[in-house]
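The structure appears right after this line, and notes come after that.
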Amino acid sequence: RHTRYPLVTGVQTCALPISRIKKNQALLLIDLQNDFVRGGALAVPSGEEVIAIANQLIPRFEMVVATQDWHPKDHRSFASQNPGVSLYSQFDLNGLPQTAWPDHCIEQTFGAELVADLDQAGVTHRIYKGTDRSIDSYSGFYDNGHRKSTGLTQLLKEHGIEQVYLMGLATDYCVLFSALDSVREGFHTTVISDGCRGVGLKPTDIPNAWTKMEHAGIQIIESRAFLG
């Protein structure tokens with residue numbers, strides 16, 4: 001199927017005549033993109049395994065928001081844009097700590113597309129993040145410096161959303177930061193643990209991410225508890 005890329009970044013609304021059963025709740029699908037699954041430029045170990053869980057959950061929500069990294073090709077978080085900086089090392093990017101990533105999720109490329117097996121017909125909105133080359137954006141709500149909003153908070157509040165369920169990639173980066181921002185923005189937040197996979201650059205990164213979420217008051221469940 002031909003992919004229609006957005007002409008502008010930010011919020012994209014997909015008008016879909018789909019019947020849902022959950023009110024005042026939204027499902028956030030974090031970065032279920034080709035570059036983050038097997039064969040991708042920044043593949044998260046076993047990342048493709050969460051797609052089936054997403055497809056089970058999507059029909060249960062009136063509002064389903066998919067976030068997508070949507071980087072310009074010269075994004076400053078890429079190791080390729082920082083001579084002398086090695087992949088996955090830490091460096092300073094405009095006053096913020098930054099991991100040096102491989103080039104990934106470059107706007108209007110296959111790597112940035114949502115995974116084909118995802119039930120994309122059930123996605124009602126998309127949020128594009130990481131569009132500013134000078135700053136990264138792990139969270140679906142803000143860039144890493146909380147300098148600019150993606151518009152997600154406003155979108156959710158305009159639709160009367162009070163409770164947010166999250167799942168996706170990766171546990172220790174974009175899921176973590178999105179969940180923490182969701183709580184800060186006043187939403188009751190639940191992360192579906194078996195719908196997430198982590199990068200784990202360090203052995204402690206993924207366990208620490210779950211601990212941070214728990215300490216922030218985020219509910220953590222498995223999909224079977226939610227699906228019943």
Side-chain angles (χ1 to χ4, degrees), residues 1-14 26-58 64-75 77-80 87-88 99-133 135-144 150-152 165-179 181 191-192 194-201 209:
R1 184 175 61 182
H2 178 65
T3 299
R4 297 181 61 188
Y5 296 103
L7 298 179
V8 296
T9 56
V11 178
Q12 183 186 50
T13 301
C14 313
L27 176 65
L28 301 189
L29 304 175
I30 306 299
D31 297 1
L32 299 181
Q33 296 168 266
N34 290 319
D35 268 347
F36 293 132
V37 299
R38 185 188 297 121
L42 183 48
V44 177
S46 302
E48 62 282 348
E49 294 177 358
V50 308
I51 302 302
I53 294 172
N55 288 343
Q56 287 183 293
L57 293 171
I58 285 169
V64 179
V65 183
T67 70
Q68 290 175 250
D69 270 5
W70 200 254
H71 297 312
K73 63 182 179 180
D74 59 350
H75 198 274
S77 70
F78 298 162
S80 64
L87 275 174
Y88 307 114
T99 300
W101 300 113
D103 294 18
H104 67 279
C105 296
I106 295 172
E107 58 188 349
Q108 303 195 28
T109 68
F110 174 78
E113 293 177 17
L114 295 175
V115 175
D117 288 341
L118 181 70
D119 177 15
Q120 296 183 41
V123 174
T124 60
H125 302 78
R126 300 190 189 200
I127 291 286
Y128 298 91
K129 61 189 181 71
T131 60
D132 182 341
R133 71 178 294 270
I135 190 167
D136 214 346
S137 182
Y138 297 151
S139 170
F141 290 85
Y142 291 95
D143 62 46
N144 286 2
T150 64
L152 179 53
Y165 291 85
L166 293 95
M167 59 156 289
L169 307 171
T171 307
D172 39 345
Y173 287 94
C174 297
V175 171
L176 169 63
F177 284 86
S178 296
D181 277 345
V191 174
I192 301 162
D194 56 325
C196 302
R197 297 292 186 274
V199 175
L201 291 180

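These figures come from a predicted structure and were not determined experimentally.
Atoms CG and NE2, from Asp132 and His75 in turn, are 6.5 Å apart once rounded to the nearest 0.5 Å. Leu169 contributes atom CG, which lies 9.5 Å from atom CD1 of Ile30 (distance to the nearest 0.5 angstrom). Rounding to the nearest 0.5 Å places CG of Leu87 at 10.0 Å from CH2 of Trp101. In this structure, CG on Asp119 lies 4.5 Å from CD1 on Ile58, to the nearest 0.5 angstrom. Atom CG in Leu28 sits 11.0 Å away from atom CE in Met167 (nearest 0.5 Å). Between the SG atom of Cys105 and the CG atom of Leu42 there is a distance of 7.5 Å, given to the nearest 0.5 Å.
A heavy-atom distance below 4.5 Å is not found between the side chains of His71 and Glu107. In this structure the side chain of Val50 never reaches within 4.5 angstrom of the side chain of Cys196, judged on heavy atoms. Within the 4.5 Å cutoff, no side-chain heavy atoms of Phe141 are placed close to those of Phe177. When side chains are defined from C-beta on, Ile192 does not count as touching Leu166, because their heavy atoms never get closer than 4.5 Å. Residues Tyr142 and Thr150 fail the side-chain proximity criterion, which asks for heavy atoms closer than 4.5 Å. Taking the side chain as every heavy atom from C-beta outward, Tyr138 and Leu176 never approach each other to under 4.5 Å. In this structure, Arg126 and Gln120 have side chains that are in contact, with non-hydrogen atoms separated by less than 4.5 Å. Within the 4.5 Å cutoff, no side-chain heavy atoms of Leu29 are placed close to those of Val65.
Considering every non-hydrogen atom in both Val199 and Ala170, the closest pair reads CG2-CB, 3.6 Å. Heavy-atom minimum distance, Ala66 versus Leu114: CB-CD1, 4.1 Å. Taking each heavy atom of Ala209 and Thr171 in turn, the nearest pair found is CB-O, 3.8 Å.
Distance alone, capped at 3.5 Å, places no donor-acceptor pair between the Thr67 side chain and the Ile127 backbone. A donor-acceptor contact shorter than 3.5 Å links the side chain of Gln33 to the backbone of Ala112. Panel note: side chain Ser178, backbone Val175; no donor-acceptor pair is recorded below 3.5 Å. For Asn55 (side chain) and Leu118 (main-chain N/O), no donor-acceptor pair under 3.5 Å exists by modelled atom type. A side-chain donor-acceptor contact under 3.5 Å links Ser137 to the backbone of Ser139.
Remark: Asp103 does not engage Lys73 in a salt bridge, criterion side-chain N to carboxylate O under 4.0 Å.
Of the residues Asp181, Asp31, Asp136, the one that meets the salt bridge (charged side-chain N to carboxylate O under 4.0 Å, His left out) test with Lys129 is Asp31.
Ring orientation note: the planes of Phe36 and His104 are tilted relative to one another, at an angle of 30° to 60°.
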